[in-house]
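Below: the structure, in structure tokens.
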Number of protein chains: 2
Amino acid sequence: MADPPERTFSETDQAIMEATYRALREHGYADLTIKRIANEYGKSTAAVHYYYDTKDELLAAFLDYLLEQFVDSIHGVETTDPEERLELLLDELLVKPQENPDLSIALLEMRSQAPYKEAFSERFQQNDEYIRYMLKAVVNHGIDEGVFNDVDANHITRSLMTIVDGGRTRAVVLDNLEELETARRTASEYVDAMLR
Amino acid sequence: MADPPERTFSETDQAIMEATYRALREHGYADLTIKRIANEYGKSTAAVHYYYDTKDELLAAFLDYLLEQFVDSIHGVETTDPEERLELLLDELLVKPQENPDLSIALLEMRSQAPYKEAFSERFQQNDEYIRYMLKAVVNHGIDEGVFNDVDANHITRSLMTIVDGGRTRAVVLDNLEELETARRTASEYVDAMLR
DNA sequence: CCTACCGATCGGTAGG
DNA sequence: CCTACCGATCGGTAGG
């Protein structure tokens with residue numbers, strides 16, 4: 001499986017994406033309006049509509065922009081030793097979100113709209129597949145090297161993603177970053193129990 | 001810890017709550033309007049406002065109505081044998097949601113609004129505490145009876161909730177009920193690994 | 001409880 | 001890219 005398709009953003013596109021990012025962190029997804037994006041952009045709403053015909057189109061582009069950055073950060077984990085690499089990937093998924101709680105809130109809002117917006121659904125689906133692919137590869141690598149038990153890598157991977165998404169959801173809903181630490185510990189316990 | 005406080009609903013209140021429930025399942029939370037609730041109620045929007053001054057007030061009441069039903073269903077698990085009871089509680093949390101996917105979608109939407117609506121936050125928080133209390137009691141019961149290892153019941157409980165919320169979130173976002181089954185299996189694996 | 005309505009806000013567009 | 005504006009929709013209310 002190759003990396004997800006890349007998308008090119010002109011400097012203007014980038015400026016609008018960053019404006020969207022700021023508006024989203026400040027007001028949340030439910031209160032994200034073209035006007036607020038335009039304010040952050042520093043121009044009129046018509047200027048935003050000049051580059052993106054509809055709000056939906058802009059938001060789809062924004063998800064591409066955001067998830068690309070996320071994929072890059074996952075990609076940045078270069079350690080190859082399976083045991084260490086798995087822990088570092090889990091850190092990336094559960095420790096790093098602590099740096100930006102406002103974004104986590106907005107992202108859960110957007111995820112909750114996936115059932116109504118196919119453009120969202122497609123992108124979250126693809127992103128999830130990519131992360132699962134990365135995790136599965138490490139697990140299989142560990143099995144091949146004999147450091148992990150010969151388990152159902154597909155299931156283990158899905159279980160870890162369940163723990164990751166559970167920690168993220170709970171951190172937002174219960175407004176408590178410790179939920180991410182709990183989930184991180186749970187993930188390690190699960191890895192220990194199933195892979196050794 | 002006692003059961004969460006009960007709230008009394010008149011027949012009119014009940015009718016409005018059921019109308020809200022239907023409107024929510026049909027249109028989702030983001031598109032839930034007083035007009036749509038009134039349509040389901042079969043009367044005018046002014047009629048709805050006659051009983052609930054504001055939309056926020058109505059939604060807070062609705063969450064009470066909904067979470068009370070949920071607590072009742074958890075309360076309905078009467079088995080006392082710790083091992084069996086834990087499995088039945090997990091079934092209640094992860095198998096039963098499969099019956100009503102539309103409600104699960106709307107509930108995730110509402111959960112994602114907790115950071116912006118204190119009335120929501122309070123209620124989800126209280127509901128979570130109650131479920132954790134029920135789970136913790138079973139784990140401690142099992143420890144006392146010697147069928148479970150002497151573990152940190154608090155942590156085990158939070159881990160299980162993480163798996164539960166992960167399964168629920170993923171089922172909605174990825175539009176796949178199998179995510180709940182995966183989470184159910186993960187929960188059993190975790191219980192097996194940590195408690196035996 | 002209804003009819004009728006208000007002010008506010010939204011996404012989007014015409015015309016330049 | 002801006003100013004100015006449109007039609008649609010929202011939550012809520014006045015008056016009965």
Exercise. For DNA chain D, determine which residues of residues 9-43 of chain A have any heavy atom closer than 4.0 angstrom to one of its atoms, and list them numerically.
Key: A/Y41, A/K43
Quiz prompt | Range on DNA chain D touched by chain A, heavy atoms, distance below 4.0 Å | solution = D/dC1 to D/dT3
Practice problem: For residues B/L32 and B/H27, determine if any side-chain heavy atom of one lies less than 4.5 Å from a side-chain heavy atom of the other. | Solution: no
Quiz item: When you check the gap from the basic side-chain N to the acidic O, do A/R185 and A/E189 get nearer than 4.0 Å?
Solution: yes
Quiz item: Who does C/dA8 pair with, Watson-Crick or G-U, both distances under 3.5 Å?
Solution: D/dT9
Quiz item: Hey, which of these two, A/T45 or A/Y51, hits DNA chain D nearer its 5' end, going by closest nucleotide?
Solution: A/Y51
Quiz item: Would you find a donor on one side and an acceptor on the other, under 3.5 Å apart, between the side chain of A/R123 and the backbone of A/A119?
Solution: yes
Exercise. State whether A/E179 and B/R158 are salt-bridged, where the test is any N-O pair (Lys NZ or Arg NE/NH1/NH2 against Asp/Glu carboxylate O) under 4.0 Å.
Key: yes
Practice problem: Starting at CG of A/L174, measure out to CD of B/E129 and round the result to the nearest 0.5 Å. | Solution: 9.0 Å
Quiz item: Start at the 5' end of DNA chain C and walk down; is the nucleotide closest to A/D56 or to B/A46 reached first?
Solution: B/A46
Quiz item: Distance-only, no hydrogens or angles: does the B/E109 side chain make a donor-acceptor pair with backbone N or O of A/E109 under 3.5 Å?
Solution: no
Quiz prompt | Paired nucleotide for D/dG16 [Watson-Crick or G-U wobble; both distances under 3.5 Å] | solution = C/dC1
Quiz item: Ion pair present between A/D165 and B/R168, side-chain N to carboxylate O less than 4.0 angstrom?
Solution: no
Exercise. Quick one: list whatever passes side-chain contact (heavy atoms from CB on, under 4.5 Å) with B/V191, sequence neighbours left out.
Key: B/L86, B/E87, B/L90, B/L160, B/L195, B/R196
Practice problem: Remember a base hit wins even if backbone is also touched, and classify A/A47 as base, sugar-phosphate or nothing at under 4.0 Å, heavy atoms. | Solution: sugar-phosphate
